[in-house]
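Below is one structure, written out as structure tokens; comments come after it.
Remember, predicted model here, so these are calculated numbers, not experimental data.
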Amino acid sequence: MNDEIAAMTLLTPPERVDIVEVAPRDGFQSIREPLPTDEKIRCIQRLIEAGVTRMEIGSFVSPRAIPQMADTGALVAAFADRAAMRFSALVPNLSGAELALAEGIRELVFVVSVSESHNQANVRRSVGQSLEELARIVELLEHEGNACLRLDLGTSFDCPYEGTIAWHQVDDVLSRARALCGDLHLEVALCDTTGRATPYQVAEHFRQLVARHQGPRLTWAFHGHDTYGMGVANALFAIHHGATTVDTACAGLGGCPFAPGATGNTATEDLVYALNGGQVYSGIDLSRLLAAADAIAALPGGQTASHLRQVPRDRVA
């Protein structure tokens, strides 16, 4: 793995990249007024028709904290017959994990911030307390034969309260988390929560962390926002330094409610366009994706940040 990464440049792209569509979670939760469930279902259906095969469909959190996610169980049920789809859901604690598994979700996303300040703002507990909750979820999953875990490390590059995050701060939290996960298959996502990361910072974090954390049951992902216009560049640098999966949101919908100033997620269509230019397979049909992006951009109250949607369609082709 390290030799392959060392030999890789931006001119020698990988054969494929997995894209996780996060508009149904990171995107929909950013809209102040909850969307009707039927409207969400129509958007998700459009994304599936565009070729999306991995999707963070929602989160199992208190509806008092994030009312926009109160219908996640209904969304899971609506697409229960899509065997080819990999649906995941964010869970902040053990009770959320238990509910997600009961609803049929087999891929759990647990988030802990590298920054103490952001973790308190996001989930109202210390990093240490979040890791204690992670240990309980791991114990639960050890009794589930076909469930897996993803660890989202929030504020891996920048914190809205503490500023720049060094790679060794990420390493500290990741090392503590991995010690709790045992032999469980783990996908680790470095998250640019505020969208302030730069491509060279992303490259340095991945280079250092991939070198220190290796194993056949560990894979890497990148979750970015496009606040400073670096979303696609950051994703490409992550891919070329170890990430095999990238999170994006169709139309660039999104924005963290606990990260002041953060705008939408990197737009799925922007990244797919860049990958297509390098003949990197994502499995997503760009024309259908743009149609889905138009529908999502038309949702009331959403904040979008897509560049490709601003280009005349005949020039995109």
Side-chain angles (χ1 to χ4, degrees), residues 19-52 54-59 66-69 71-72 75 90 152 154 158 160 191-197 222-236 246-276 282 284-317:
I19 291 180
V20 178
E21 176 58 56
V22 299
R25 199 279 299 173
D26 218 351
F28 291 165
Q29 81 171 21
S30 71
I31 298 176
R32 185 178 300 274
E33 296 298 325
L35 294 169
T37 302
D38 288 347
E39 189 71 61
K40 291 183 179 182
I41 289 174
R42 283 192 288 271
C43 289
I44 291 170
Q45 179 61 37
R46 284 177 176 269
L47 292 167
I48 293 174
E49 290 172 354
V52 169
R54 290 188 65 179
M55 184 181 297
E56 195 173 84
I57 198 168
S59 59
I66 306 182
Q68 298 94 325
M69 296 287 101
D71 60 352
T72 296
L75 297 180
L90 186 145
D152 275 13
D158 175 80
C191 302
D192 180 20
T193 306
T194 63
R196 291 189 65 182
F222 175 72
H223 176 103
H225 290 248
D226 202 36
T227 312
Y228 287 73
M230 296 288 104
V232 169
N234 285 339
L236 293 177
V246 177
D247 292 358
T248 56
C250 191
L253 185 68
C256 178
F258 306 106
T263 60
N265 295 72
T266 302
T268 308
E269 58 270 23
D270 291 352
L271 181 60
V272 169
Y273 178 82
L275 295 176
N276 285 354
S282 68
I284 297 177
D285 182 290
L286 187 55
S287 61
R288 291 188 175 186
L289 184 65
L290 281 165
D294 288 340
I296 288 174
L299 296 173
Q303 180 180 1
T304 58
S306 168
H307 298 283
L308 206 63
R309 284 191 60 251
Q310 312 309 317
V311 179
R313 294 299 158 86
D314 58 341
R315 293 179 63 186
V316 172

Got a list of side-chain donor-acceptor pairs under 3.5 Å for residues 43-51, not counting sequence neighbours?
| unit_1 | atom_1 | unit_2 | atom_2 | d |
| --- | --- | --- | --- | --- |
| Gln45 | OE1 | Arg82 | NH2 | 2.8 |
| Gln45 | NE2 | Glu49 | OE2 | 3.1 |

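In plain terms, the two heavy atoms of Arg315 and Val311 that are nearest each other are CB-CG1, 3.9 Å. Taking every heavy atom of both residues into account, Val316 and Tyr273 meet most closely at O-CE1, 3.9 Å. The shortest heavy-atom contact between Ile19 and Thr248 is CG2-OG1, 3.3 Å. When all heavy atoms of Ile296 and Cys250 are compared, the pair lying nearest together is CD1-CB, 3.7 Å. Gly154 and Cys191 get closest at one heavy-atom pair: CA-CB, 3.9 Å. Across Ser282 and Leu275, no two heavy atoms sit closer than the pair CB-CD1, 4.4 Å.
Taking NZ from Lys40 and CG from Leu299, the interatomic distance works out to 10.5 Å, rounded to the nearest 0.5 Å. For the atom pair Leu271 CG and Leu308 CG, the distance stands at 11.0 Å (nearest 0.5 Å). In this structure, CZ on Arg25 lies 8.5 Å from CG on Asp247, to the nearest 0.5 angstrom. Between the OG1 atom in Thr72 and the CD atom in Glu56 there is a gap of 10.0 Å [rounded to 0.5 Å]. Distance check, rounded to the nearest 0.5 Å: CD1 of Ile284 to CG of Leu289 gives 6.0 Å. Atom CZ of Phe28 is separated from atom CG of Leu75 by 8.0 Å, given to the nearest 0.5 angstrom.
Side chain of Thr227 to backbone of Arg196: no donor-acceptor contact under 3.5 angstrom is found.
When side chains are defined from C-beta on, Leu236 counts as touching Val232, because their heavy atoms get closer than 4.5 Å. Using a 4.5 Å heavy-atom cutoff, the side chains of Gln68 and Leu35 are not in contact. Thr194 has its side chain out of reach of Tyr228: every pair of non-hydrogen atoms, C-beta onward, lies at least 4.5 Å apart. Using a 4.5 Å heavy-atom threshold, the side chains of Asp226 and His307 count as touching.
Here Ala249 pairs with Glu21, Val22, Ala23, Asn265 under the side chain to side chain contact (heavy atoms under 4.5 Å, CB included) rule; sequence neighbours left out.
A salt bridge (charged side-chain N to carboxylate O under 4.0 Å, His left out) check over residues 286-305, counting only residues at least two apart or in different chains, returns the pairs Asp294-Arg309, Asp294-Arg313.
Tested against His223, the residues Thr193, Asp26, Thr266 include a single side-chain hydrogen bond (donor to acceptor under 3.5 Å, both in side chains) partner, Asp26.
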